[in-house]
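Order of the sequence lines fixes the chain letters, A, B, ..., with proteins taken first and strands second; residue numbering starts at 1 for each chain.
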There are 2 protein chains.
Amino acid sequence: MKYSVVVVDDHYLLSQAIGGMVQGFEKFDVLYLCKNGQELLDKLKEPNNIPDIVLMDIKMPILNGIETTEIINREYPNLKVLALSIEEDEYTILKMLRAGARGYLLKDTKKEILEEALTKVIEEGSYYTNNVSKILTGSLENDVRTEIKDRELEFIKLACTEMNYREIADIMCCSYKTVEGYRDSLYRKLGIKNRIGLVLFAIHHNLFTP
Amino acid sequence: MKYSVVVVDDHYLLSQAIGGMVQGFEKFDVLYLCKNGQELLDKLKEPNNIPDIVLMDIKMPILNGIETTEIINREYPNLKVLALSIEEDEYTILKMLRAGARGYLLKDTKKEILEEALTKVIEEGSYYTNNVSKILTGSLENDVRTEIKDRELEFIKLACTEMNYREIADIMCCSYKTVEGYRDSLYRKLGIKNRIGLVLFAIHHNLFTP
DNA sequence: AAAGATTAGGGGGTTTCCCCCCATTATATT
DNA sequence: AATATAATGGGGGGAAACCCCCTAATCTTT
């Protein structure tokens, strides 16, 4: 009996190609392909459509990989998710693993690694590459983003905009001086010098999608 | 006799998967895979390694798809290049086609389209999907980016940095006032209000990679 | 040769940003 | 009860960014 796999990726050619590759693996069968998380969740409602493992991209329209994985872990705790993405920034990887992914592969791994990861996740429960292990151990604490308060995060997103601080204060329903406070505390925490630095930080850490 | 194809993509799993897919096509054989443009150019020096068509990604380290395509068109004018990328912004597509690509596929097309495109490019010289045709006809003139001078482009890239204008002026070897001139003319042309707007413009038009 | 565009530079003024200082509430923590 | 620590608000000064208006040299075009 082969293990069943579902590939979720918004780029159709890629999910077809990866699906074809997985189909070529001895122990695996591709059940079907999905273009985003919502499509997968719809499919899963039919018990026959529940695979052994989901190979999930992260950046997707409608419902992304992180949100989808959270829902799957809540509603189908036995269904394993293996992340397969080009995003290699620590924060994304951490968020995906916290959401319940059993492993995280970058899209430039080799065919054999994919096969091994699929097998290990199903038979042993998880698979972590060197990169990912390092991130898991190293940067869990000194992750500066965990120190960012909710209000500051709100501010960051608005700062990545042509608005000036007075307009941002209006939207955040607080005074101009409060907004300056958020800014100053972020500059100190993140070691940046000006608003451009803040925008660059937000981009590098996927706090907003340009 | 089958046509020979080379796949160039920095994500190894993807080039393997797409290569596998192409290998499955009746009329095509995969000659080899490359991880970037430089690797391809090195390979091409050996005449036996020249394929009928190259399936090229755009964003790649070391030597990207646009630069590589330019070189290929200069040095191997008979070698056809078909772009296969996730970048769907007009400017990138235009640059790739101007560099000499015979067609431009997005990574969410279907298997059958890829096969058709490969065939058409080899047998008829080009293949354009609807999207690409529209962009070719529609936006060639009113593309605001063609109005950006070289010096201004240099400035934009430096403006997407924590440097202030005085430091930018030093790097550009001109006076602070000249830099202000570039800025003001860009603000007028692009209809933006401040430096954040400039950074957002640069991101949206792939003028710099964050 | 005259007109126009391009590139480089400058004067001066207003606004915004940056960075110190500080005070007042809550709300936890010890 | 005393003490952090958010979250909120504020004053003031200096630097940077922004935005006008202007000049001059070098090209291109007509």
Side-chain angles (χ1 to χ4, degrees), chain A residues 91 140-205 207-208 210, chain B residues 91 140-205 207-208 210:
Chain A
Y91 194 50
L140 251 171
E141 20 257 86
N142 59 5
D143 178 11
V144 76
R145 278 151 304 192
T146 57
E147 295 163 23
I148 297 177
K149 322 289 173 210
D150 287 355
R151 265 317 244 179
E152 288 172 352
L153 188 63
E154 240 181 283
F155 163 72
I156 290 178
K157 288 175 181 169
L158 294 169
C160 297
T161 283
E162 271 192 85
M163 282 187 284
N164 65 29
Y165 293 139
R166 243 167 268 276
E167 293 166 326
I168 291 176
D170 281 350
I171 291 180
M172 290 183 73
C173 293
C174 64
S175 94
Y176 170 71
K177 275 297 175 179
T178 304
V179 165
E180 282 201 307
Y182 297 146
R183 179 201 59 200
D184 293 350
S185 103
L186 282 168
Y187 283 10
R188 263 192 302 275
K189 269 191 269 195
L190 308 179
I192 53 182
K193 288 204 293 260
N194 55 36
R195 194 164 155 181
I196 306 295
L198 193 61
V199 174
L200 296 178
F201 173 86
I203 293 171
H204 288 319
H205 296 86
L207 299 184
F208 95 116
Chain B
Y91 194 50
L140 250 171
E141 19 258 86
N142 58 4
D143 179 11
V144 75
R145 279 150 305 191
T146 57
E147 295 163 22
I148 297 177
K149 323 288 175 214
D150 286 356
R151 266 315 246 179
E152 287 171 352
L153 187 63
E154 239 181 282
F155 164 73
I156 291 178
K157 288 173 181 171
L158 293 169
C160 297
T161 283
E162 271 191 85
M163 283 186 283
N164 65 30
Y165 293 141
R166 244 168 270 274
E167 293 166 326
I168 292 176
D170 280 350
I171 291 181
M172 290 184 72
C173 293
C174 63
S175 93
Y176 171 71
K177 275 297 177 181
T178 305
V179 165
E180 284 202 304
Y182 297 145
R183 179 201 58 200
D184 293 347
S185 101
L186 282 169
Y187 283 10
R188 262 193 302 276
K189 269 191 266 195
L190 308 178
I192 53 182
K193 288 204 291 259
N194 55 35
R195 194 163 154 183
I196 306 295
L198 193 60
V199 174
L200 296 178
F201 173 86
I203 293 170
H204 285 133
H205 296 86
L207 300 185
F208 95 117

Could you list by number each residue of residues 155-169 of chain A showing a heavy-atom separation from DNA chain D of less than 4.0 Å, or answer none if no residue does?
none
Would B:R195 and B:Y187 count as a side-chain contact (heavy atoms from CB on, under 4.5 Å) here? Give the steps.
CA-CA 9 Å; B:R195 194 163 154 183; B:Y187 283 10; 3.7 Å; yes
Just one of B:L198, B:N164, B:I196, B:T161 clears the side chain to side chain contact (heavy atoms under 4.5 Å, CB included) bar with A:I196, so which one?
B:I196
With heavy atoms under 4.0 Å as the rule, sort A:T178 into base, sugar-phosphate or nothing.
base
In whole angstrom, what separates A:I192's CD1 from C:dC17's P?
14 Å
What is the separation between atom CG on A:N194 and atom C1' on C:dC17, rounded to the nearest whole Å?
9 Å
If you look at every heavy atom in B:A202 and B:C160, which pair is closest and at what distance?
CB-SG, 3.7 Å
Students should find that the end-to-end axis angle of the helix from C:dA1-D:dT30 to C:dA28-D:dT3, with five pairs defining each axis and rounding to 10 degrees, is 40°
Intermediate values then yes/no, side-chain contact (heavy atoms from CB on, under 4.5 Å), B:R151 and B:C174:
CA-CA 11 Å; B:R151 266 315 246 179; B:C174 63; 4.0 Å; yes
Could you give the distance from CE (A:M163) to CD1 (A:I168), rounded to the nearest 0.5 Å?
5.5 Å
How do A:R183 and B:Y176 order along DNA chain C: which one's closest nucleotide is nearer the 5' end?
B:Y176
To the nearest Å, how far apart are A:R151 CZ and D:dA7 P?
9 Å
For a quick test of reading the model: is some side-chain N or O of B:Y187 closer than 4.0 Å to OP1 or OP2 of D:dC19?
no
Given side-chain contact (heavy atoms from CB on, under 4.5 Å), test B:E162 with A:F201 step by step and report yes or no.
CA-CA 11 Å; B:E162 271 191 85; A:F201 173 86; over 6 Å; no
Separation between CG (A:D170) and CZ (A:R166), nearest 0.5 Å, reads 9.5 Å
With nearest nucleotide decided by heavy atoms, which residue, A:D150 or B:I196, maps closer to the 5′ end of DNA chain D?
A:D150
Which of the following nucleotides, C:dT7, D:dA7, C:dG9, is nearest to the side chain of B:C174?
C:dG9
In whole angstroms, the gap separating C1' of C:dT16 from CG of B:L198 amounts to 17 Å
Passes side-chain contact (heavy atoms from CB on, under 4.5 Å), B:M172 versus B:T178? Steps please.
CA-CA 10 Å; B:M172 290 184 72; B:T178 305; over 6 Å; no
Can you check the A:L186 CG to C:dC19 P distance for me, whole Å?
12 Å
For B:A159 and B:V199, work out which heavy atoms get closest and say how close.
O-CG2, 4.1 Å
When you check the phosphate oxygens OP1 and OP2 of C:dC18, does a side-chain N or O of A:K193 lie under 4.0 Å from one of them?
no
Got a list of protein N/O to nucleotides 20-23 of chain D N/O distances below 3.5 Å?
none

Shortest side-chain distance from B:S175, nucleotide among D:dA7, C:dA8, C:dG10:
C:dG10
Between D:dA17 (C1') and B:R195 (CZ): distance, integer Å:
9 Å
Distance, nearest 0.5 Å, that separates CD1 of B:I192 from CZ of B:R183
10.5 Å
CZ (A:F155) and CG (A:L158) are apart, to the nearest 0.5 Å, by 8.5 Å
Rounded to the nearest 0.5 angstrom, the CD-OH distance for B:E154 and B:Y182 is 8.0 Å
For A:E152 and D:dT5, what is the distance between atoms CD and C1' respectively, to the nearest whole Å?
12 Å
Check the distance between C:dT6's C1' and B:K189's NZ and give it to me in whole angstrom.
10 Å
